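Step one of this worksheet: look at the structure below.
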There are 2 protein chains.
Amino acid sequence: MTKQINVKSTILYGVSMAILLFLLKWLELRFVVFNHLFEIYAGIISIVFMVLGAWLMYHFQQRKQEKENARKEMVAIPELGLSQREMEVLELMSQGFTNQQIADKLFLSIHTIKTHGSNLFVKLDVKNRTQALIRAKELEILE
Amino acid sequence: MTKQINVKSTILYGVSMAILLFLLKWLELRFVVFNHLFEIYAGIISIVFMVLGAWLMYHFQQRKQEKENARKEMVAIPELGLSQREMEVLELMSQGFTNQQIADKLFLSIHTIKTHGSNLFVKLDVKNRTQALIRAKELEILE
DNA sequence: AACACTTTCATACTTTAGTATGAAATTACG
DNA sequence: CGTAATTTCATACTAAAGTATGAAAGTGTT
């Protein structure tokens, strides 16, 4: 789990650096031709990297939130074999979110959420999300 | 509260722009002196604005979270005008029954249950039954 | 390396939930 | 009695939920 995130982060970082280098190289070339347009380039770079920074922070925050939630749930899990993701989905279901909203929050496809949903319904021996919440409360694996 | 945030945002924005302008001016000056250090400046700008972007997004996310929490606590309205039947339907919904099952229990058509459902969702200001249960518990009109 | 488990995504389908609208019968109350 | 609110039912629709099945890739363990 953690490793997967690290891999993703590494790739993300690599891509970012590649873009940066490419940008610098390209700008260097442009610089030779039009060396009086520095401000424009500076502006472009500013915008690009501000967006990049914002994007990175956004995803960082989301992951932080996920981990936060995950930790909350990690406390009391009996022998039901609910995986971490399934717990996360269950948690968000219990907060009244639709499958689509959960998918958006976790950066996943709605198909994936439905899969997790079906699987955890089987494990909880229920037929729908409402019953799942009741069961989860009974088993004290939520709240 | 909201105004205060807006003021903060405005100040923040102003400061950001001031820094940007100052930076550009400063860089312009440097540019005249050392026009062969473009990459360094580009790098600096990149870093500065990536940090700025990240910082802005961080605060944006924080505020979003605050609003989210504020909205949750805003509830507390006991007089909702839920009718008797609507309460019955809500009660059975909270026990995990489907509309069809509720209809069978109350010897009613499933259409009627859906009508009651829709009506009570409006009164509770929610979108679906899961949220209705959450709201009902918040308002302590169940259990 | 082999294996079990998890996670992700997809297609195709069925079922359930929910909305909009209208209407008729019943009940409660001034 | 008349009026408003409740309760019931219906049709027709859209949206969401849930199932079945398969597949690919990553993770962790032995």
Side-chain angles (χ1 to χ4, degrees), chain A residues 1-12 14 59 62-63 66-67 69-70 73-74 77 79-136 141, chain B residues 79-136:
Chain A
M1 176 68 182
T2 312
K3 238 176 189 174
Q4 187 185 2
I5 286 175
N6 286 342
V7 168
K8 278 183 184 173
S9 293
T10 308
I11 291 170
L12 194 65
H59 281 260
Q62 292 292 341
R63 272 209 305 265
E66 280 182 41
K67 281 180 183 172
N69 295 337
E73 298 145 20
M74 281 291 273
I77 303 177
E79 252 337 304
L80 284 168
L82 283 190
S83 73
Q84 200 156 353
R85 267 308 201 206
E86 285 164 353
M87 278 303 298
E88 289 184 75
V89 171
L90 178 60
E91 170 69 25
L92 290 171
M93 277 182 177
S94 79
Q95 290 170 25
F97 295 110
T98 66
N99 286 335
Q100 186 59 63
Q101 289 172 326
I102 295 171
D104 293 342
K105 276 184 188 294
L106 300 180
F107 301 105
L108 296 176
S109 155
I110 188 174
H111 305 297
T112 306
I113 305 303
K114 285 185 178 184
T115 301
H116 288 321
S118 282
N119 290 336
L120 77 83
F121 291 161
V122 170
K123 290 181 181 177
L124 289 176
D125 189 29
V126 294
K127 286 291 182 188
N128 56 54
R129 68 217 282 127
T130 307
Q131 289 175 5
L133 305 193
I134 296 169
R135 189 107 187 82
I141 60 181
Chain B
E79 268 323 313
L80 288 165
L82 282 190
S83 73
Q84 202 155 353
R85 269 308 203 202
E86 284 165 353
M87 277 301 299
E88 289 184 75
V89 172
L90 179 59
E91 171 67 28
L92 290 171
M93 277 183 176
S94 79
Q95 290 171 25
F97 295 109
T98 65
N99 286 335
Q100 186 59 64
Q101 289 172 325
I102 296 172
D104 292 342
K105 277 182 189 294
L106 300 180
F107 301 104
L108 296 176
S109 155
I110 188 174
H111 305 296
T112 307
I113 305 303
K114 285 185 177 184
T115 301
H116 288 322
S118 281
N119 290 336
L120 75 86
F121 291 162
V122 170
K123 291 181 181 176
L124 290 176
D125 188 30
V126 295
K127 287 290 183 188
N128 55 53
R129 60 180 58 215
T130 306
Q131 289 174 5
L133 304 192
I134 296 169
R135 175 66 99 251

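Keep in mind that what you see is a predicted model, and the values were worked out from it rather than measured. The sequence lines fix the lettering, A, B, ..., with proteins before strands; numbering per chain opens at 1.
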Between Q131(B) and G96(A) (side chain of the first, backbone of the second, donor and acceptor by atom type, cut-off under 3.5 Å), is there such a pair?
yes

Atom CG of N128(A) and atom P of dT15(C): how far apart are they, to the nearest Å?
16 Å

Nearest whole angstrom, please: distance from the P of dA17(D) to the CD of Q100(A).
9 Å

What's touching nucleotides 19-30 of chain C from the protein side, N or O pairs under 3.5 Å?
| unit_1 | atom_1 | unit_2 | atom_2 | d |
| --- | --- | --- | --- | --- |
| dT19(C) | OP2 | S118(B) | OG | 2.7 |

Check the distance between dA16(D)'s C1' and M93(A)'s CE and give it to me in whole angstrom.
11 Å

So, taking the atom named CG in D104(B) and the one named CZ in F97(B), what distance separates them when rounded to the nearest 0.5 Å?
11.0 Å

Value rounded to 0.5 Å, distance of CG in L124(B) from CG in L90(B):
6.0 Å

From CG of L133(A) across to C1' of dA17(D) the rounded distance in Å is 13 Å

Which part of the nucleic acid, if any, lies within reach of S109(B) when heavy atoms closer than 4.0 Å are counted: base, sugar-phosphate only, or nothing?
sugar-phosphate

Sole candidate of H116(A), K114(A), R129(A), H111(A) that passes side-chain hydrogen bond (donor to acceptor under 3.5 Å, both in side chains) when paired with N99(A):
R129(A)

Measure from the side-chain N and O atoms of E91(A) to the backbone N and O of E88(A), and report whether any donor-acceptor pair falls under 3.5 Å.
no

Measure from NE2 on H111(A) to C1' on dA10(C) and round the result to the nearest Å.
6 Å

Can you tell me if the side-chain N/O atoms of S83(A) get under 4.0 Å from OP1 or OP2 in dC5(C)?
no

Which of dG18(C), dC9(D), dA17(D) is nearest the side chain of N99(A)? It is dA17(D)

Any side-chain N or O of H116(B) less than 4.0 Å from the OP1 or OP2 oxygen of dT8(D)?
yes

Rounding to an integer number of Å, can you tell me how far E88(A) CD sits from dT8(C) C1'?
13 Å

L106(B) or T98(A), whichever maps to the more 5' nucleotide of DNA chain D
L106(B)

Interatomic distance where CD belongs to Q84(A) and C1' belongs to dT27(D) [whole Å]
12 Å

With a distance cut-off below 6.0 Å to the six-membered ring centre and an angular limit of 45° from the axis, does K127(B) pair with F121(B) as a cation-pi contact?
no

Protein-nucleotide distance (E86(B), atom CD; dT8(D), atom C1'), rounded to Å:
13 Å

With the side chain defined as heavy atoms from C-beta on, L108(B) is closest, among dA17(D), dC9(D), dA10(C), to dC9(D)

Closest approach of D125(B) and R135(B), non-hydrogen atoms and distance?
O-NH2, 3.9 Å

